[in-house]
Engineer: 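Below: one structure in structure tokens.
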Amino acid sequence: MQIVLIEGDGIGPEVTAAACRVVEAAGVMIDWVRTPAGLHAAEQLGDPLPEETLEIIRRYRVALKGPCTTPVGKGFRSINVRLRQGLDLYASVRPVKTLPGVRTPYDKVDLVVVRENTEGLYAGLEHEVVPGVIESVRLITRAAAERIVRFAFELARTGGRRLVTFCHKADVMRLSDGLFLECARAVADEFPFIRFDEKPIDNVCLELATDPSRFDVLVMENLFGDVISDLCAGLVGGLGLVPGANLGARYAVFEAVHGSAPDIAGKGLANPIAVVRSAAMMLEHVGHRPAAQRIEQAVARTLENQIGLTRDLGGDGTTATITEQLIKNL
Ligand code: NAI
């Protein structure tokens, strides 16, 4: 099976290499099709997301991606935003679950953040009205709003989940979130067997910080989803643990929630678990559910045993030691 691999920047090459080793050890032979994106691509090819990289993903349809650094102030648009828009990866899915052995304030977190990936304030529509005044467009369309809410309900239905919470700020952004809310309510009517709730995003933050167990599937627009994804990662032990997928009708790109972590890049300190679990989601997506489940069990055992863990998990190990443990525990 051929799957595209984007190593990315910073800790990207370290954590994606670990993920490839774990996938192989789980018994799935993948012929990785390597293609560049990020700083290397910007330096060598003049574009951090070359059209050829998009073409390769279109050809093979599924990719595992390490985090990419978008050069700031050099006129480049975010690679991740371009990738998601270019491939119409309209749904970002981040499952957030309490893991064994990881001490956190709450022990019953089990939720999924579904984020609209192509519009909102990240549509990239900004301009200078006059010097000193910038206008950003918060784009919400009925078509994109309905499809992301429908996606969240379908995910709830197929995943045996009971509640979908739509997060918004419709009291302030009355037109844009007003339309999104109207769409959410209409789609919710199609799924009378799944509970629907609608909450202002600030209330959601408060409740996530006080009792995250009350949430199941959360669905929201792009910027809210970006922020809530990191917040939820913090609830279960941090960015080094939470996997993610960007899904569209034709293509799928799997990646961790975290970025390229320049502060620890090249030091062997990165926790590869988030990318390893993203690879497990990818295996499930392409029909290797048993291998995906074995990887998840190996992650649980590794965290429980507390051997070889990286510093973000309170250990004194490295990317190499934790990867060895993951492979041993498969
Ligand atoms: P970041 O997620 O890279 O780092 C935030 C903090 O978490 C840092 O202290 C870092 O050391 C730590 N951390 C992150 N991942 C870790 C891991 N696997 N193991 C241990 N510690 C980890 O966020 P930051 O610093 O805001 O962004 C750095 C760069 O990454 C930026 O250029 C940003 O644009 C890019 N980025 C890329 C993403 C992607 O490609 N999907 C997502 C988020 C940011």
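Just so it is clear, the values below take in all heavy atoms, side chains as well, and ignore hydrogens, waters and symmetry mates. Quantities reported herein were computed from a predicted structural model and do not represent experimental measurements. For ligands, and for the atoms within them, numbers begin at 1 and follow the listed sequence.
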Engineer: Any idea which protein heavy atom is nearest atom 34 (O) of ligand 1, and the distance to it?
Structural biologist: T70 N, 4.2 Å
Engineer: Between the candidates A233, P67, G8, C68, which shows the shortest non-hydrogen contact distance to atom 35 (C) of ligand 1?
Structural biologist: C68
Engineer: Both conditions, 6.0 Å and 45 degrees, for the charged tip of R138 above the ring of F224: are they met here?
Structural biologist: yes
Engineer: Heavy-atom contacts under 4.0 Å between I264 and ligand 1: side chain, backbone, both, or neither?
Structural biologist: side chain
Engineer: Identify whether the distance between the nearest side-chain nitrogen and carboxylate oxygen of E14 and K267 falls below 4.0 Å.
Structural biologist: no
Engineer: Taking the basic N atoms (NZ, or NE/NH1/NH2) and the acidic carboxylate oxygens, is any pair closer than 4.0 Å for R21 and E24?
Structural biologist: no
Engineer: Quick check: does G66 get an N/O under 3.5 Å from an N/O on ligand 1?
Structural biologist: no
Engineer: What closest approach, in Å, do A156 and I194 show between heavy atoms, and which atom pair accounts for it?
Structural biologist: CB-CD1, 3.9 Å
Engineer: Side chain, backbone, both or neither: which applies to E255 and ligand 1 if a contact is any heavy-atom pair less than 4.0 Å apart?
Structural biologist: side chain
Engineer: Once you restrict to heavy atoms under 4.0 Å, what part of V15 touches ligand 1? Side chain, backbone, both or neither.
Structural biologist: neither
Engineer: Name the closest protein heavy atom to atom 18 (N) of ligand 1, giving the residue it belongs to and the distance to 0.1 Å.
Structural biologist: N271 O, 2.9 Å
Engineer: Enter the distance from Y122:OH to T118:OG1 here, rounded to the nearest 0.5 Å.
Structural biologist: 13.5 Å
Engineer: Please could you name the atoms of ligand 1 that K65 approaches to less than 4.0 Å, counting only its heavy atoms?
Structural biologist: 39 (C), 40 (O), 41 (N)
Engineer: Relative to the ring of F166, is the ring of H168 parallel (under 30°), tilted (30 to 60°) or perpendicular (over 60°)?
Structural biologist: parallel
Engineer: Answer with side chain, backbone, both or neither: which part of D263 has a heavy atom less than 4.0 angstrom from an atom of ligand 1?
Structural biologist: side chain
Engineer: Using distance alone, decide if ligand 1 has a nitrogen or oxygen within less than 3.5 Å of any nitrogen or oxygen in G259.
Structural biologist: yes
Engineer: For ligand 1, which atoms, with element, lie under 4.0 Å from some heavy atom of N80?
Structural biologist: 37 (C), 38 (C), 39 (C), 40 (O), 41 (N)
Engineer: Which of the atoms of ligand 1 are close to T69, meaning less than 4.0 Å from one of its heavy atoms?
Structural biologist: 32 (O)
Engineer: Can N80 and K65 be said to form a side-chain hydrogen bond (donor to acceptor under 3.5 Å, both in side chains), step by step?
Structural biologist: CA-CA 10 Å; N80 297 310; K65 173 181 165 296; 2.8 Å; yes
Engineer: Under a plain distance cut-off of 3.5 Å, with no hydrogens placed, do S136 and E126 share a side-chain donor-acceptor pair?
Structural biologist: yes
Engineer: Using the six-membered ring wherever Trp is involved, compare the ring planes of F153 and F196 and label them parallel, tilted or perpendicular (cut-offs 30° and 60°).
Structural biologist: tilted
Engineer: Side chains of N329 and T302: any donor to acceptor distance under 3.5 Å?
Structural biologist: yes
Engineer: Among protein heavy atoms, which lies nearest atom 16 (C) of ligand 1, and at what distance?
Structural biologist: I11 CD1, 4.0 Å
Engineer: Could you check atom 12 (C) of ligand 1 against the protein and tell me its nearest heavy-atom contact, residue, atom and distance included?
Structural biologist: A261 CB, 4.5 Å
Engineer: Counting only heavy atoms on the protein side, is anything nearer than 4.0 Å to atom 2 (O) of ligand 1?
Structural biologist: yes
Engineer: Within the structure, does at least one protein heavy atom fall under 4.0 Å of atom 28 (C) of ligand 1?
Structural biologist: yes
Engineer: Among all protein heavy atoms in this structure, tell me which lies nearest to atom 31 (C) of ligand 1, with the distance rounded to 0.1 Å.
Structural biologist: S260 OG, 4.4 Å
Engineer: Can you name the atoms of ligand 1, numbered from 1 with element, that are less than 4.0 Å from a heavy atom of L239?
Structural biologist: 2 (O), 5 (C), 7 (O)
Engineer: Would you call E296-R289 a salt bridge at under 4.0 Å N-O?
Structural biologist: no
Engineer: Can you find a protein heavy atom under 4.0 Å from atom 9 (O) of ligand 1?
Structural biologist: yes
Engineer: Salt bridge (Lys or Arg N to Asp or Glu O under 4.0 Å) with D226: which of R84, R115, R94?
Structural biologist: R115
Engineer: With a 4.0 Å cut-off on heavy atoms, is P262 touching ligand 1?
Structural biologist: yes
